[in-house]
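Everything below concerns the one structure shown next.
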Amino acid sequence: MTDQIAAKKPPAYDARLLTQALEEAHLPSLMMAMVHLTGDTSLMTPELRPVYVAFGDGQGGLSEENRARVRASARSAIERYFDSGMRLAAAPSPKTVRRMMDFIAGVDIPEQYAPFLTDELALDGESSKQPRWTSPKLAAAAKGLRVLIIGAGMSGLLAAIRLKQAGIPFEIVEKNADVGGTWLENSYPGCRVDSSNHLYSYSFEPNHHFPNHFSKQDVLLKYFQDAADKYGLRRSIRFNTSVIDARFDEAASRWTVRLKRPDGKEENVTANAVISAVGQLNRPRFPDIPGRESFAGASFHSAEWRHDIDLAGKRVAVIGTGASAYQFVPEIAGQAKDLLVFQRTPPWLLPTPNYHHDVGAGKQWLLEHIPFYAKWYRFWLFWMSSDGLYPAVKADPSWSGPPTAISQRNQEMRNVIVAGLKHQVVDKPDLIDKIVPTYPLGGKRALRDNGLWTATLKRDNVDLITTPIERITPRGIVTKDQVEHAVDVIIYGTGFHASRFLWPMKIYGRKGIELHEQWQGDARAYLGMTVPNFPNFFCLYGPNTNIVVNGSIIFFSECSVRYIIGCLELLAEKDARTIECKRGIHDAFNRRVDDMNKQMAWGMPGVTSWYKNQLGRVSQNWPFPLVDYWKATLAPDPADFELN
């Protein structure tokens with residue numbers, strides 16, 4: 001039973017707090033919660049059914065009159081609920097729940113999504129992602145397994161939690177001194193998540209007290225630290241320990257993993273299975289600019305922020321305008337004497353007015369104390385962000401419009417965003433050509449926009465430079481027009497070696513083949529997790545499991561961990577020692593992925609981004625709807641594997 005179902009009576013329940021909560025509520029979610037409190041579905045009428053518009057306020061277009069009607073009804077229902085001793089109405093029937101899903105979504109959800117979304121909603125607290133190793137055979141098999149997890153970030157901790165629930169012994173190797181992964185390593189000013197934090201959290205571990213709609217780095221780090229503590233994972237983690245290599249012993253059907261311990265010494269450990277949870281965005285990439293090492297001032301990558309360097313009164317150069325720079329540039333603009341931002345290509349900016357907003361006390365109260373409100377709020381966020389924008393970034397083969405778009409819907413979305421940007425810089429119109437991308441929406445990672453970026457670029461001490469960089473000198477940066485921009489500090493916001501999956505580790509599979517040699521610069525895996533010639537080896541956040549406009553990466557990790565646990569279950573059920581993806585299955589899957597990625601905005605010819613590897617193939621992104629990944633990872637098909 002989840003805490004959304006077993007709500008606690010608030011210690012400070014009063015009319016004032018309830019009024020604040022109703023004002024801050026997401027009203028469609030509140031209406032759904034009222035069904036659970038009262039059993040009354042009378043609010044689910046055509047005139048109250050939400051009608052959402054792109055980048056709207058999320059309240060579904062309800063008039064002020066109807067908003068007042070919903071709040072009055074909710075107030076009465078909540079008061080009766082607490083006065084009755086917090087007794088809920090009978091659980092809504094599956095048919096009613098299906099109606100509720102359509103209602104809050106504002107559309108008739110296609111039937112193919114119904115099981116998927118019902119599983120995500122998990123009204124009864126049960127989910128397909130929860131391991132159920134309850135049979136005597138599985139329980140006995142679990143005790144005989146040993147799994148090594150590489151990495152204690154979001155995915156590694158998740159894998160550990162699920163393995164523990166299944167009763168499978170495990171150990172985690174973590175190169176850092178604490179858990180948290182990217183949220184431990186990235187501490188640059190302004191660092192925060194760009195998915196709503198009520199989605200960027202484990203589905204089974206909600207946090208009703210996130211202070212912001214999009215959490216800051218320190219808040220997310222604490223969330224994962226708390227998860228490690230709650231599930232007792234720290235005792236199973238080797239901190240400050242890195243993996244040098246891993247070798248599969250065919251005779252023993254086991255992995256031997258060579259570690260570098262904190263004292264610098266090496267040690268070998270063995271495991272039946274290895275799960276790599278090292279992520280994609282944790283090895284900083286510096287640009288290949290001539291003279292970079294000659295710069296006489298301070299320089300560093302945003303992922304390795306130098307907090308000891310005071311930027312006050314200095315001329316600071318920032319190279320790059322991707323996700324990290326977009327967050328830290330506004331933070332340091334008020335410190336630097338002059339801030340020079342060097343941009344190669346501008347990012348798309350998705351209107352998100354609440355990007356920096358606090359979650360009000362009233363909304364936190366609803367999330368904590370009103371049963372099922374949090375469930376439906378998360379469901380709404382999930383539906384609206386899952387495949388809502390997906391059709392807009394898929395190419396229409398018959399599109400005959402400008403090359404800056406790939407379909408009519410893509411063009412319409414572009415028009416809305418550009419109109420908003422023009423409004424933001426109406427007082428400085430020379431900026432508009434610099435900040436509007438010439439590539440289609442979805443071609444690169446889009447960023448959340450609340451107007452702060454353009455406000456920063458309009459500051460008197462900030463200069464957005466779009467002339468390409470030619471070289472770096474001891475004094476500063478020389479652009480192609482031969483202008484030397486003298487600066488005191490250079491900050492690189494230039495991303496990561498995303499396509500170097502599992503680098504710098506060496507992974508040796510059957511017959512001693514090394515994984516990177518097999519990949520030859522083009523990482524591929526079946527469902528992003530399993531690779532032929534590498535039995536009992538699994539990747540989390542592996543090739544082609546990144547997302548661009550739909551969902552949260554935690555959703556992908558939860559699906560992947562469910563599948564990996566399912567693979568270990570297959571081993572136990574079949575009394576096998578190894579499970580290995582068949583080459584034909586692997587290759588056919590990757591052909592489908594490649595074909596679909598070519599139809600997406602990020603796969604278009606001429607569009608360059610970190611989504612593509614050195615060969616020009618999209619090695620990062622999942623090109624299908626989320627429901628397809630959910631279905632594909634419900635359980636492994638024995639026919640896809642060699643079991644020995």
Side-chain angles (χ1 to χ4, degrees), residues 115-116 118-120 122 126-151 154-170 172 202-204 231 253-255 271-277 525-532 534-545 553-582 584-586 588-589 622 624 626-644:
F116 160 56
T118 301
D119 188 46
E120 283 298 312
E126 296 295 319
S127 168
S128 66
K129 298 165 186 171
Q130 172 78 32
R132 293 174 179 83
W133 287 47
T134 54
S135 72
K137 181 175 183 178
L138 286 179
K143 294 177 182 178
L145 291 172
R146 176 181 167 85
V147 177
L148 184 72
I149 302 169
I150 307 172
M154 176 273 292
S155 293
L157 295 176
L158 172 64
I161 290 169
R162 293 309 197 192
L163 287 170
K164 188 170 186 177
Q165 290 171 340
I168 300 173
F170 65 89
I172 306 176
Y202 298 135
S203 62
F204 56 90
Y231 289 92
S253 297
R254 294 175 70 86
W255 285 91
N272 302 97
V274 175
I275 300 174
S276 170
Y526 178 51
L527 294 172
M529 288 179 278
T530 67
V531 184
F534 295 84
N536 298 8
F537 183 84
F538 307 96
C539 297
L540 292 172
Y541 202 8
N544 293 111
T545 60
I553 192 59
I554 292 184
F555 164 80
F556 263 80
S557 292
E558 291 196 358
C559 288
S560 297
V561 169
R562 173 183 59 196
Y563 187 86
I564 292 169
I565 299 292
C567 287
L568 297 178
E569 187 174 348
L570 260 184
L571 282 177
E573 291 287 2
K574 301 294 184 181
D575 294 316
R577 302 176 72 189
T578 62
I579 182 169
E580 179 181 350
C581 178
K582 293 178 180 177
I585 295 295
H586 169 277
F589 166 78
W622 176 255
F624 306 104
L626 292 190
V627 65
D628 290 5
Y629 198 74
W630 179 83
K631 287 180 179 178
T633 57
L634 274 171
D637 184 347
D640 293 345
F641 296 92
E642 298 285 355
L643 289 155
N644 296 298

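If you read the sequence from its start, that first residue is 1, and numbering goes on from there. Computed from a predicted structure; not experimentally measured.
Within the model, atoms CG of N644 and CD of E580 stand 8.0 Å from one another, a figure rounded to the nearest 0.5 Å. Within the model, atoms CD1 of I172 and CG of L157 stand 5.5 Å from one another, a figure rounded to the nearest 0.5 Å. Note that SG of C559 is 6.5 Å distant from CD of E120, once rounded to the nearest 0.5 Å. Interatomic distance, D640 CG to I585 CD1, rounded to the nearest 0.5 Å: 4.5 Å.
For F641 against P636, the heavy-atom pair with the smallest separation is CE1-CB, 3.8 Å. Shown here for S557 and M154, the closest heavy-atom pair between the two residues is OG-CE, 3.4 Å. Residues A141 and A572 share a closest heavy-atom pair of CB-CB, 3.4 Å. Pairing each heavy atom of L540 with each of A159, the nearest pair is CD1-CB, 4.1 Å. Looking at every heavy atom in both residues, F589 comes nearest to L527 through CE2-N, 3.1 Å.
Taking the side chain as every heavy atom from C-beta outward, L626 and F556 approach each other to under 4.5 Å. Between L163 and I149 there is a side-chain heavy-atom pair separated by less than 4.5 Å. Side-chain atoms of I579 and K574, non-hydrogen and from C-beta on, never get closer than 4.5 Å to each other. When side chains are defined from C-beta on, N272 counts as touching R254, because their heavy atoms get closer than 4.5 Å. Put simply, the side chain of L158 reaches to within 4.5 Å of the side chain of E558, judged on heavy atoms. Looking at I275 and F170, their side chains never come closer than 4.5 Å, going by heavy atoms from C-beta outward. Contact annotation: the side chain of R132 never approaches that of E569 to less than 4.5 Å [non-hydrogen atoms, C-beta and beyond]. Residues P169 and K143 have side chains not in contact (no heavy-atom distance under 4.5 Å, counting atoms from C-beta outward).
A side-chain contact (heavy atoms from CB on, under 4.5 Å) with Y629 is found for exactly one of F116, W622, Y563, namely W622.
The pair K582-D637 fails the salt-bridge criterion, with no side-chain N (NZ, NE, NH1 or NH2) lying under 4.0 Å from an Asp/Glu carboxylate O.
Panel note: side chain K164, backbone Y231; a donor-acceptor pair is recorded below 3.5 Å. Here the side chain of S135 pairs a donor or acceptor atom with the backbone of L138 at under 3.5 angstrom. A donor-acceptor contact shorter than 3.5 Å links the side chain of K137 to the backbone of E573.
A273 meets the side-chain contact (heavy atoms from CB on, under 4.5 Å) test with V147, N536, F538, L568; sequence neighbours excluded. The side-chain contact (heavy atoms from CB on, under 4.5 Å) search around P131 returns W133, R162, Q165, A166, I565, not counting sequence neighbours. In this structure, the side-chain hydrogen bond (donor to acceptor under 3.5 Å, both in side chains) partners of S128, at least two apart in sequence or on a different chain, are D119, R562.
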